[in-house]
Amino acid sequence: MNILVIGGGGREHAIIRKLKENPTVDLIYAIPGNGGISYDAECIDMKATDLERILAFTEDHDIGFAVVGPDDPLALGAVDLLLSRGIPTFGPSKDAAVIESSKVFAKDLMQRYDIPTATYDVFYTAESALDHVERTKTYPIVLKADGLALGKGVIIAETKEQAAQAVVNMMIQRVFGNSGDRIVIEEYLSGPEVSVLAFTDSKTLVPMVSSMDHKRAFDHDRGPNTGGMGTIAPNPYYTEEMADRCMKEIFLPTMAAMNQEGRPFKGCLYFGLMLTEQGPKVIEYNCRFGDPETQVVLPLLATDLLTILQAVVSEDLASVPVAFREGAACCVVAASGGYPGAYSTGYPIRGLSDGQPRDPHSHGVSVYHAGTRREEDRLLTAGGRVLGVTGVGPDLESAIERAYKGIAEIDFEDIHYRRDIGRRALLWQPSDESKE
Ligand code: AMP
Ligand code: GLY
């Protein structure tokens, strides 16, 4: 069977490498893919959002199954279109993808269906938002642009001045374009963060192994927010008891709420959670696999991925026993110096062979490419996040050690990566459970 994967980041590379484990898969096309993905799939030079060209491509390439990775083609209705051409496609419809593409929709959904989240207000004009900021006594507060903003639309304002500046940036200067037409201002929550990705066909919901993202650019969670500088799985703060509670209070109610709204969600639903002293609360929903969460979650998946994705599309997820391996995974992202601000690209990447670790004995290490370009047999940097090095081991300590050993073999000009991915997770003690 030929498979089409839309997207070209580390998440899609992890999906492709996992799909390849299925012996019925002949050829995988990636649109657009990237330099490293080109060793595992045939990359087609089209934008992931150019749905007309993508449809034309599928006409003569006998695609038996498709997976849509990123949020923007999902929000544009890529899945609806491919399904309408008879191609079984994994991902939510446009109507269901709104759970990520509109924060106002997501917050109102949670409020209507009693799903725990930060208290909030919605503002349609800069004037009313500034008035609210002026009247707010306790800081920090959190400001969120309504629409997609490349993960940069959330501002945690420590002071009134910062909050007012954020309103001006979003609603008057419109730095996120239309995404700033409406904004959410919400309560600041604190506690350990957990990412849980779940397969759902709108009838059954199966959470995957939990993970922890590291969003800030620098060690000790300092510096600006990024798309994610590294991940570990499983997340030790997410105990079995917490998992049961989240299933009852958050995951199943969200699936039911989307059905009730006439927007059944079929695909991977991402729950960004904060474990506060009052219990788990939703920070955000994403309508897709997380990046770089996928790079630690899928390596631990024991069940065939294609079988699960097909069952989601045919609404038969209940019939597939989904299992994860024991052990742990850690992904460290190598970024271009300067990211998430300005950075240079085009630097040769040293230390890889066909995109993977050179040493065939580098046991338990995989490299997932995000921003790389291939020129014959040379790989060059081509983005802010360049690659993610994932180590898998019997426990978190060994997974972290393998990831760092793997990344130490790789080099390019101005390489930047955090040295403390997983450190907070290692500090977790069983006694922490009682505090949550
Ligand atoms: P998002 O882009 O929605 O993933 O948000 C980025 C990050 O902002 C999250 O991972 C949290 O660390 C933080 N954040 C978002 N909402 C809140 C909140 N209400 N309280 C505290 N931190 C938040
Ligand atoms: N790692 C967060 C996200 O995928 O949005």
Side-chain angles (χ1 to χ4, degrees), residues 7 9-12 14-15 69-72 74-75 97 99-107 110 116-121 136 138-158 162-163 166 170 176 179 183-198 208 210-217 221-233 235 237 267-278 280-298 331 333 335 340 368 370 384-385 388 421 424:
R11 162 186 50 214
E12 286 76 23
I15 291 171
D71 48 17
D72 31 2
L74 289 167
I99 198 166
E100 171 170 0
S101 59
S102 169
K103 298 224 190 278
V104 173
F105 172 84
K107 295 297 293 188
M110 290 185 267
T117 188
T119 56
Y120 72 103
D121 291 288
T136 300
T138 37
Y139 281 81
I141 57 169
V142 183
L143 298 96
K144 301 186 169 182
D146 177 48
L148 299 177
L150 294 172
K152 294 178 188 153
V154 174
I155 303 292
I156 296 173
E158 307 281 347
Q162 285 176 8
M170 288 178 188
F176 305 119
S179 289
I183 67 167
V184 171
I185 300 186
E186 70 178 28
E187 171 197 13
Y188 175 80
L189 302 175
S190 60
E193 282 187 55
V194 182
S195 307
V196 179
L197 321 183
M208 297 177 227
S210 62
S211 54
M212 183 194 287
D213 195 2
H214 298 67
K215 284 201 157 78
R216 303 293 201 95
D221 293 326
R222 298 214 175 95
N225 257 329
T226 68
M229 293 298 293
T231 35
I232 56 101
N235 185 327
Y237 291 90
C268 174
L269 185 50
Y270 169 125
F271 299 89
L273 306 172
M274 196 164 285
L275 310 182
T276 74
E277 278 178 5
Q278 295 84 44
K281 295 192 179 179
V282 178
I283 290 278
E284 63 162 341
Y285 291 117
N286 291 325
C287 66
R288 50 175 173 83
F289 284 97
D291 190 340
E293 283 88 344
T294 309
Q295 292 91 310
V296 287
V297 168
L298 290 188
C331 175
V333 170
Y368 298 114
R385 287 189 294 174
I421 302 301
R424 182 165 187 194

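Atoms within a ligand are numbered from 1 in the order they appear, just like the ligands themselves.
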Does [X] reach the side chain of [Y], with side-chain heavy atoms less than 4.5 Å apart?
X      : Y      : result
Thr231 : Ile421 : no
Met170 : Ser179 : no
His214 : Pro292 : no
Arg424 : Pro192 : yes
Gln278 : Pro116 : no
Leu189 : Ile283 : yes
Thr226 : Arg216 : no
Glu284 : Val154 : no

Evaluate side chain to side chain contact (heavy atoms under 4.5 Å, CB included) for Lys144 paired with Lys107, printing each intermediate quantity in order.
CA-CA 11 Å; Lys144 301 186 169 182; Lys107 295 297 293 188; 5.7 Å; no
Closest protein heavy atom to [atom], given as residue, atom name and distance to 0.1 Å:
atom                    : result
atom 13 (C) of ligand 1 : Ile156 CD1, 3.9 Å
atom 5 (O) of ligand 2  : Arg288 NH2, 2.9 Å
atom 2 (O) of ligand 1  : Val154 CG2, 3.4 Å
atom 3 (O) of ligand 1  : Glu284 OE1, 3.3 Å
atom 18 (C) of ligand 1 : Val142 CG2, 3.5 Å
atom 2 (C) of ligand 2  : Tyr270 OH, 3.4 Å
atom 20 (N) of ligand 1 : Leu189 N, 2.8 Å

Could you report the tightest heavy-atom contact between [X] and [Y], atom names first, then the distance?
X      : Y      : value
Ala106 : Ile99  : CB-O, 3.5 Å
Met208 : Val196 : O-CG1, 4.2 Å
Cys268 : Leu197 : SG-CB, 3.8 Å

Mark up the atoms of ligand 2 that fall under 4.0 Å of a heavy atom belonging to [X], in ascending order.
X      : answer
Gly290 : 4 (O)
Asp213 : 1 (N), 2 (C)
Glu293 : 1 (N), 2 (C), 4 (O)

Could you see which bit of Glu100 sits under 4.0 Å from ligand 1, with heavy atoms only: side chain, backbone, both or neither?
neither
Does an N or O anywhere in Glu284 fall below 3.5 Å from an N or O of ligand 2?
no
Given [options], which one has a non-hydrogen atom that is nearest to [atom]?
atom                    : options                        : value
atom 9 (C) of ligand 1  : Arg216, Glu193, Met274, Lys281 : Glu193
atom 23 (C) of ligand 1 : Ile185, Leu273, Leu143, Ile283 : Ile283
atom 19 (N) of ligand 1 : His214, Glu186, Lys215, Lys144 : Glu186

Check whether the side chains of Tyr270 and Glu293 place a donor and an acceptor atom closer than 3.5 Å, and report yes or no.
yes
Ligand 1 and Tyr188, any nitrogen or oxygen pair closer than 3.5 angstrom?
no
Would you say Asn225 and ligand 1 have an N/O pair spaced under 3.5 Å apart?
no
Which part of Arg11 is near ligand 2, with near meaning a heavy atom under 4.0 Å away: side chain, backbone, both or neither?
neither
Asn286, portion touching ligand 2 at heavy-atom distance under 4.0 Å:
side chain
So if I count the atoms of ligand 1 from 1 in the order they appear, which ones are less than 4.0 Å from some heavy atom of Lys103?
3 (O)
So is Gly228 touching ligand 2 or not, going by heavy atoms under 4.0 Å?
no
